[in-house]
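This report refers to the structure that appears directly beneath it.
Starting from 1, each residue takes its place in the sequence as its number.
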Amino acid sequence: MDKYRLRDNFDKIVQRVENARIKRSEHHIVQIVAVSKYVGSEEIRALYELGQRAFGENRVQDLRAKASELEDLPIEWHFIGRLQKNKINHLIDLDPWLMQSLDSLDLALEIDKRLDAKGKKMSCLLQINSSKEPTKAGVEPERAYDEYLKIIEETKHIDLCGVMTIGAHSEDENLIRQSFETTYKIYEALKPHGATICSMGMSHDFELAIECGSNMVRIGSLLFKD
Ligand SMILES: *Cc1c(COP(=O)(O)O)cnc(C)c1O
């Protein structure tokens with residue numbers, strides 16, 4: 001991808017995030033995670049040079065390859081994909097900055113066991129299936145609060161920092177808004193239990209997500225495509 005194009009895409013996104021966050025509140029801070037699953041390490045390096053530090057990948061093997069090619073850079077890697085149990089050890093070995101796609105107590109217990117054996121910790125977000133789409137991962141909104149507390153209670157090495165959701169897959173803005181509002185409500189209820197991150201919003205809906213309270217957006221195609 002052309003460097004000037006990347007810079008242009010990045011500048012526009014930063015400006016749009018800035019406008020959206022100020023609309024919510026002057027004090028509202030939003031972190032951008034650049035979802036690099038569409039590109040190779042060259043593009044990641046180019047965006048790093050423009051000042052971006054947080055990158056997201058959705059496959060353990062891609063994360064491993066790119067992290068290794070870019071090990072000279074202090075990148076904050078986010079894992080945002082479905083984690084198969086046979087990949088847990090690989091992910092732990094990569095020391096991700098934040099695992100955003102923890103989607104059950106069961107998976108949490110499994111990760112915790114492996115963390116214990118390795119003497120490591122991992123920061124995670126609980127993924128919520130706020131639109132209740134059967135193809136999407138995540139805990140149902142009605143169960144999310146209890147599941148979150150159970151994970152805190154029953155794990156020793158997982159640092160639960162908040163929630164993540166993918167907005168409803170729809171043309172109907174009201175449906176998307178609903179899924180963000182549902183997630184934000186759960187996030188607010190979890191704040192007294194240490195939740196500080198509400199990760200929601202992607203290329204096509206990040207402004208709406210920020211309007212609904214998101215403080216972390218995950219943007220891929222708008223950055224790296226077209
Ligand atoms: C791919 C992906 C994104 C980025 O989506 P874009 O629409 O390309 O911005 C964000 N979050 C998750 C979980 C993803 O898998």
Side-chain angles (χ1 to χ4, degrees), residues 31-41 44-45 47-48 52-129 136-140 143-166 186-187 190-200 215-218 220:
Q31 206 194 336
I32 299 173
V33 176
V35 175
S36 47
K37 65 190 183 194
Y38 309 108
V39 295
S41 33
I44 298 175
R45 191 177 288 277
L47 192 58
Y48 176 89
Q52 179 64 25
R53 291 294 173 269
F55 290 86
E57 288 286 335
N58 65 340
R59 291 154 147 270
V60 175
Q61 52 271 46
D62 293 346
L63 175 55
R64 179 164 48 187
K66 293 174 194 177
S68 146
E69 284 166 20
L70 296 163
E71 65 184 352
D72 55 313
L73 304 180
I75 287 176
E76 294 172 10
W77 289 107
H78 293 239
F79 185 74
I80 58 171
R82 235 177 253 239
L83 181 61
Q84 292 163 287
K85 289 203 168 144
N86 61 349
K87 301 274 166 59
I88 294 175
N89 277 324
H90 297 302
L91 183 64
I92 293 173
D93 292 341
L94 293 169
D95 289 313
W97 180 268
L98 184 62
M99 194 301 198
Q100 298 204 12
S101 42
L102 186 61
D103 60 5
S104 69
L105 173 63
D106 193 41
L107 180 62
L109 292 173
E110 201 64 44
I111 294 174
D112 195 55
K113 220 191 303 176
R114 316 287 179 87
L115 286 169
D116 192 64
K118 290 174 183 282
K120 287 195 174 190
K121 297 216 172 283
M122 191 185 283
S123 297
C124 297
L125 303 180
L126 181 66
Q127 182 172 353
I128 300 173
N129 187 356
K136 278 196 183 125
V139 180
E140 279 174 50
R143 292 180 40 243
Y145 180 84
D146 289 343
E147 194 92 341
Y148 194 96
L149 295 194
K150 267 194 207 145
I151 293 172
I152 293 180
E153 227 174 79
E154 296 185 26
T155 65
K156 285 210 288 275
H157 310 281
I158 288 179
D159 183 14
L160 215 44
C161 308
V163 296
M164 182 273 256
T165 201
I166 297 173
I186 299 165
Y187 166 66
L190 290 168
K191 273 184 181 174
H193 303 284
T196 59
I197 299 175
C198 179
S199 172
M200 51 188 198
N215 60 13
M216 181 175 280
V217 293
R218 311 176 307 272

| said: Assess whether a salt bridge exists between Glu154 and Lys150, defined as any Lys/Arg side-chain N lying under 4.0 Å from an Asp/Glu carboxylate O. | reply: no
Separation between CG (Asp93) and CD1 (Ile88), nearest 0.5 Å, reads 12.0 Å
Could you tell me if the side chain of Pro74 sits less than 4.5 Å from the side chain of Tyr48, heavy atoms only? yes
Heavy-atom donor-acceptor pair, Asn215 side chain to Cys198 backbone, under 3.5 Å: yes
Exactly one of Arg218, Lys37, Lys66 clears salt bridge (Lys or Arg N to Asp or Glu O under 4.0 Å) with Glu57, and that residue is Lys66
Using modelled atom types and a 3.5 Å cut-off, is there a donor and acceptor pairing between side-chain atoms of Asp103 and backbone atoms of Gln127? no
message = In the structure I gave you, are the side-chain heavy atoms of Trp77 and Leu63 within less than 4.5 Å of one another anywhere?
response = yes
Note: Phe55 and Ile75 closest approach over all heavy atoms is CD1-CG2, 3.7 Å
Heavy-atom nearest pair, Thr155 first then Ala108, reads CG2-O, 4.0 Å
In this structure, CE of Met122 is separated from NE2 of His157 (nearest 0.5 Å) by 12.0 Å
Note to self: Show, in sequence, the C-alpha distance, side-chain angles and deciding distance for Lys118 and Asp95, and conclude whether the salt bridge (Lys or Arg N to Asp or Glu O under 4.0 Å) test is met.
What the structure shows: CA-CA 11 Å; Lys118 290 174 183 282; Asp95 289 313; over 6 Å; no
Interatomic distance, SG@Cys161 vs CD1@Ile197, rounded to 0.5 Å, equals 5.0 Å
Do Leu115 and Lys120 make a side-chain contact, defined as non-hydrogen atoms from C-beta onward lying under 4.5 Å apart? yes
Has the side chain of Tyr187 got a donor or acceptor atom that lies under 3.5 Å from a matching backbone atom of Thr196? yes
Note: Leu107 and Leu83 closest approach over all heavy atoms is CD1-O, 4.1 Å
Quick one, Val33 and Trp97 - any side-chain contact, counting heavy atoms below 4.5 Å? no
Kindly indicate, with the supporting measurements, whether the criterion side-chain contact (heavy atoms from CB on, under 4.5 Å) is fulfilled by Asn89 and Arg114.
CA-CA 7 Å; Asn89 277 324; Arg114 316 287 179 87; 3.4 Å; yes
Discussion item. What I'd like to find out is whether the side chain of Gln61 reaches to under 4.5 Å of the side chain of His90, using heavy atoms alone.
Written reply: no
Within-4.5 Å side-chain heavy-atom neighbours: Leu98 and Glu76 = no
Output for pair (Ile111 CD1, Ser104 OG), nearest 0.5 Å, gives 8.0 Å
For residues Asp72 and Arg45, determine if any side-chain heavy atom of one lies less than 4.5 Å from a side-chain heavy atom of the other.
yes
Arg59, CZ: over 12 other non-hydrogen atoms inside 6.0 angstrom
no
Result for side chain to side chain contact (heavy atoms under 4.5 Å, CB included) between Tyr148 and one of Leu102, Ile186, Leu160 points to Leu160
Value for CD1 (Ile128) from CD (Glu147), rounded to nearest 0.5 Å, stands at 10.5 Å
In the structure I gave you, are the side-chain heavy atoms of Lys87 and Leu91 within less than 4.5 Å of one another anywhere? no
Here the gap from Leu149 atom CG to Leu190 atom CG, rounded to the nearest 0.5 Å, amounts to 6.5 Å
Notebook entry, point to check: Would a distance-only check, ignoring hydrogens and angles, find a side-chain to backbone donor-acceptor pair under 3.5 Å from Gln52 to Ile32?
Noted result: yes
Shortest non-hydrogen pair, Leu125 vs Ser199, comes out as CD1-CB, 3.7 Å
